[in-house]
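Following: one structure in structure tokens, then a few remarks.
We count ligands from 1, going down the list as the structure has it; atoms in each ligand are counted the same way. Values below: all heavy atoms of this structure, side chains included; hydrogens, waters and symmetry mates excluded.
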Amino acid sequence: MSKPIQAVRGMNDMLPEAAPLWEFFENTVRDWLRSYGYQQIRTPIVEPTDLFVRSIGEVTDIVEKEMYTFVDHLNGENLALRPEGTASCVRAVVQHNLLYNSPQRLWYMGPMFRHERPQKGRYRQFHQVGVESLGFAGPDMDVEHIVMTARLWKLLGLQDVVLEINTLGSIEARHRYRARLIHHFEQSAGLLDEDAGRRLHSNPLRILDSKNPAMQAMIEAAPRLMDDLDEVSLKHFEELQDMLGAAGVSYRINSRLVRGLDYYNATVFEWVTTHLGAQGTVCAGGRFDGLVEQIGGKPAPACGFAMGVERLLALMQEQGFQPPPAGPDAYIVHVGELADKMALTLAEQLRASGLNTVLHCGGGSFKSQMKKADAIGARYAVIIGDDEAQADQASVKPLRSAGEQTRVGLSELVDGLRG
Ligand code: ATP
Ligand code: MG
């Protein structure tokens, strides 16, 4: 025997037993997005590396150490597995000129790739659902995103997901803030860890995001962007809070929320739970008004968010969510030459009537076939022996509820199974 091959570390199979949960999630998400008027966009999983370097930023965790990049040896192109969806989405919008005459409400769902240390809630291939609204400048769109996510938590039956918001201000305000931050951290440069020391002059805002306990006091004492915010961003942030209040959404202002990607400005937000250990952020987003222009389009304001599917599913399971049963309506049990033929056409008739039907394959006794019907969770066994076949009838036995086995004509069968 040859040695079995294992999946790449940190990249998971979704096994059939998990499918009902994933499918419930995906179906709920599709309906939810449709109810807000969002349209789906799909972009390639591989993009030019430069797209992510330019948008996410050179001095960020993702670009410095998490991105899967490679050279296509057939033509020498530098390519990357996408680590997130926003850059690709904006690239596609610019490339196809989608903002030509109207703003866009878009969404995507799919795998993302980051070379991180695999642990609960942190994988090397994981899945995101992302939403991007392009061409909308006002806080009404930030609020739409927050309100719609709050609604999704309800649809998924989730509790204890808490909203944190912050503003990163304008580019200029952030520039001023940078200088103040560098000055602050330089005062106690000896306390900075390696990452922070390296980022002190390239990306000091990221130091605020550090989870290193030894730096917490210093971070706590850092100046706050909010105290020197530009007027436009301040107004945007105040209006946002007003509207959140009017919509009845509670939130906490977290002035240390800076997000790990360079393209954000003004509003940033995260939905956080305490139920998933250290990997508690299930959804994160904000405004990226400069990104469309940065990727080569005409300037257009934009905002969006992405949620981590694995983390949301883990939270649903943690909170006792049971996906709806996934078994078929009918499992056709058949023994005998005439019965086998009739079963084949009957199965197709049932499916044509909208009933999910599994036709037993592989022969065997009535008893062993009935066991299969029960094991896959079918609602009814539809039993055909040569007796039934000759009479143009079938016996029907409910498997998930009490009830006797009854024999019915084929014309009554569909109605019986629907009931
Ligand atoms: P974290 O701080 O946990 O590393 P992040 O800021 O890097 O998150 P984003 O780039 O904002 O994450 O991605 C949005 C969401 O995608 C996260 O809030 C999280 O739910 C999910 N996510 C990010 N990285 C991973 C991963 N490696 N495995 C599973 N889910 C992830
Ligand atoms: Mg990360």
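- Residue, atom and distance of the protein heavy atom nearest to atom 28 (N) of ligand 1 are Y123 N, 2.9 Å.
- In terms of protein heavy-atom proximity, atom 22 (N) of ligand 1 is closest to F126 CE1, 3.5 Å.
- The contact set between ligand 1 and V282, taken as ligand atoms under 4.0 Å from a residue heavy atom, comprises 20 (O).
- For D61, no heavy-atom contact with ligand 1 is shorter than 4.0 Å.
- R42 and Q40 share a donor-acceptor pair across their side chains, judged by distance under 3.5 Å alone.
- A donor atom on one side chain and an acceptor atom on the other are found under 3.5 Å apart for E132 and T86.
- Checking N78 against T49 by side-chain atom types alone, no donor-acceptor pair falls below 3.5 Å.
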I'd like to know whether S133 forms a side chain to side chain donor-acceptor pair (under 3.5 Å) with H145, so could you lay out the CA-CA distance, the side-chain angles of the two residues, the decisive distance to 0.1 Å, and finally the verdict. CA-CA 9 Å; S133 294; H145 286 175; 2.8 Å; yes
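- For atom 1 (P) of ligand 1, the nearest non-hydrogen atom from the set R122, R117, Q279, H115 belongs to R122.
- The protein heavy-atom contact nearest to atom 10 (O) of ligand 1 is R114 NH2, 2.8 Å.
- In the vicinity of A284, heavy-atom distances shorter than 4.0 Å reach the ligand 1 atoms 11 (O).
- Side-chain atoms of N166 and S255 include no donor-acceptor pair closer than 3.5 Å.
- Under a 4.0 Å criterion applied to the non-hydrogen atoms of G121, ligand 1 contributes the atoms 28 (N), 29 (C), 30 (N).
- Among the atoms of K211, none of the N or O lies under 3.5 angstrom from an N or O of ligand 1.
- For E84, the closest heavy-atom approach to ligand 1 does not fall below 4.0 Å.
- For atom 3 (O) of ligand 1, a protein heavy-atom neighbour is present inside the 4.0 Å cut-off.
- In summary, D329 and R418 do not engage in a salt bridge, as defined by a charged side-chain N under 4.0 Å from a carboxylate O.
- Protein heavy atom in closest approach to atom 21 (C) of ligand 1: G308 CA, 3.6 Å.
- Of all the heavy atoms of Q128, the ones lying under 4.0 Å from any atom of ligand 1 belong exclusively to the side chain.
- In this structure, K235 does not pair ionically with E231, as no charged nitrogen and carboxylate oxygen lie closer than 4.0 Å.
- No hydrogens or angles considered: nothing links the side chains of T357 and Y331 as a donor-acceptor pair under 3.5 Å.
- In this structure, the side chain of D72 engages the main chain of L74 through a donor-acceptor pair within 3.5 Å.
- Protein heavy atom at the shortest distance from atom 6 (O) of ligand 1 is R259 NH1, 3.3 Å.
- For a threshold of 3.5 Å applied to N or O pairs, the pair formed by E116 and ligand 1 contains at least one separation below that value.
- Protein heavy atom nearest atom 17 (C) of ligand 1, with residue, atom name and distance: T281 O, 3.9 Å.
- In this structure, a donor-acceptor pair under 3.5 Å is absent between the side chains of T281 and W271.
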